[in-house]
Amino acid sequence: MKNFLKLTIVLAVLGACTPKTEAFNYGEDQCTFCKMSIVEDQYAAQTVTSKGKVFKYDDISCMIRHIHTLENTELAFRVVNNFENPQELLDVEKAFFIQSDQYASPMGGNTAAFSSVEPNETLTLYTWEQLQEIFN
């Protein structure tokens, strides 16, 4: 019985530190970077450290700017909400980004993330690497 109790405690402690994303509580969560309430689900983003600390953002540009302040912090997850299906989290390395005035995000980053995009001559697609240069 003692061994079972010890094993349960160890598993609970290890499970608590496992990095994972969290659901957004729109209207309640605050952006880690700008401190505004996160209310627009199409633009929300999130990072999670390798130790499990979750940072939530109301704008993709806030996430990029905050990441630049995290020296020597290993990130397990960098995800953005899919603009067309905000309940779907997209890994930033696999997402397609469009920056345009037609996407009026909360902090003026005017950037939306998509899982796939039809080619369009009027909009420029950006990679995660290119976005980091824009908001650096």
Side-chain angles (χ1 to χ4, degrees):
M1 185 66 164
K2 287 182 183 179
N3 288 336
F4 177 74
L5 183 57
K6 288 178 185 178
L7 179 62
T8 303
I9 291 171
V10 168
L11 290 176
V13 169
L14 290 176
C17 296
T18 302
K20 58 185 172 192
T21 58
E22 290 181 358
F24 287 95
N25 295 310
Y26 297 103
E28 294 178 28
D29 287 337
Q30 282 190 329
C31 177
T32 298
F33 187 75
C34 72
K35 306 300 183 213
M36 289 183 60
S37 292
I38 302 172
V39 294
E40 295 187 49
D41 61 354
Q42 299 99 333
Y43 302 105
Q46 191 173 142
T47 56
V48 182
T49 69
S50 60
K51 293 183 178 182
K53 182 159 177 66
V54 176
F55 298 107
K56 297 179 183 181
Y57 311 95
D58 66 340
D59 193 307
I60 295 169
S61 66
C62 285
M63 178 171 71
I64 293 170
R65 289 179 175 121
H66 185 246
I67 287 173
H68 289 205
T69 69
L70 297 174
E71 295 179 14
N72 302 318
T73 301
E74 185 179 330
L75 296 175
F77 296 102
R78 296 172 301 172
V79 295
V80 291
N81 283 7
N82 181 350
F83 186 83
E84 296 176 320
N85 179 14
Q87 293 75 33
E88 178 186 5
L89 295 175
L90 304 174
D91 181 303
V92 296
E93 298 292 340
K94 297 177 183 171
F96 297 92
F97 298 94
I98 297 175
Q99 186 183 35
S100 168
D101 289 341
Q102 79 181 54
Y103 300 107
S105 62
M107 292 305 293
N110 298 342
T111 304
F114 299 87
S115 60
S116 63
V117 178
E118 292 294 322
N120 184 330
E121 294 178 15
T122 62
L123 296 174
T124 302
L125 294 178
Y126 294 95
T127 64
W128 175 246
E129 304 306 322
Q130 292 169 322
L131 273 186
Q132 289 184 80
E133 291 175 21
I134 291 171
F135 295 111
N136 189 8

Euclidean distance, [Y] [atom2] relative to [X] [atom1], rounded to 0.5 Å:
X	Y	atom1	atom2	answer
Arg78	Asp91	CZ	CG	7.0 Å
Cys31	Tyr43	SG	OH	15.0 Å
Arg65	Leu70	CZ	CG	14.5 Å
Glu133	Thr127	CD	OG1	7.5 Å

Between [Y] and [X], is there a side-chain heavy-atom distance shorter than 4.5 Å?
X	Y	answer
Leu89	Asn81	yes
Asn136	His68	yes
Pro19	Phe77	yes
Cys34	Asp58	yes
Thr32	Gln30	no
Thr111	Phe135	yes
Val92	Val79	no
Gln87	Asp41	yes

Practice prompt. Verify the distance criterion only: is there a donor paired with an acceptor across the side chains of Tyr57 and Thr47 at less than 3.5 Å?
Written response: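 On atom types as modelled, these side chains qualify, holding a pair under 3.5 Å.
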Worksheet item: Within the side chain of Gln46, is there an N or O that forms a donor-acceptor pair under 3.5 Å with the backbone of Glu22?
Response: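 Between the backbone of Glu22 and the side chain of Gln46 there is a qualifying donor-acceptor contact (under 3.5 Å).
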Discussion item. Has Ser37 got a side-chain atom pairing as donor or acceptor with Val39's backbone, closer than 3.5 angstrom?
Written reply: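 Between the backbone of Val39 and the side chain of Ser37 there is no qualifying donor-acceptor contact (under 3.5 Å).
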Heavy-atom pair with the smallest gap, counting every atom of [X] and [Y]:
X	Y	result
Ile38	Ala44	CG2-CB, 4.2 Å
Asp29	Ala23	OD2-O, 4.1 Å
Gly109	Asp59	N-OD2, 3.4 Å
Glu84	Ser116	OE1-O, 4.4 Å
Pro106	Glu40	CG-OE2, 4.0 Å

Worksheet item: Hey, mind stepping through His66 and Cys62 against side-chain contact (heavy atoms from CB on, under 4.5 Å) and telling me if it holds?
Response: CA-CA 6 Å; His66 185 246; Cys62 285; over 6 Å; no
Worksheet item: Can we say Glu74 and Lys51 salt-bridge, meaning some charged N sits less than 4.0 Å from an Asp/Glu carboxylate O?
Response: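 Looking at Glu74 and Lys51, the cut-off is not met.
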Same cluster (ILVMFWY, side-chain, under 4.5 Å), [X] and [Y]:
X	Y	value
Ile98	Ile60	no
Leu123	Val117	yes
Leu90	Met63	yes
Phe33	Trp128	yes
Leu75	Phe97	yes

Worksheet item: Taking the six-membered ring for Trp, are Tyr103 and Phe83 parallel (under 30°), tilted (30 to 60°) or perpendicular (over 60°)?
Response: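 Ring orientation of Tyr103 relative to Phe83: perpendicular.
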Fill in: From CA spacing to verdict: side-chain contact (heavy atoms from CB on, under 4.5 Å), Asn82, Gln42
CA-CA 7 Å; Asn82 181 350; Gln42 299 99 333; over 6 Å; no
Discussion item. Cation-pi check for Phe24 against Lys56: NZ or CZ below 6.0 Å from the six-membered ring centre and within 45 degrees of the axis, yes or no?
Written reply: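 The answer is yes, since Lys56 meets both limits relative to Phe24.
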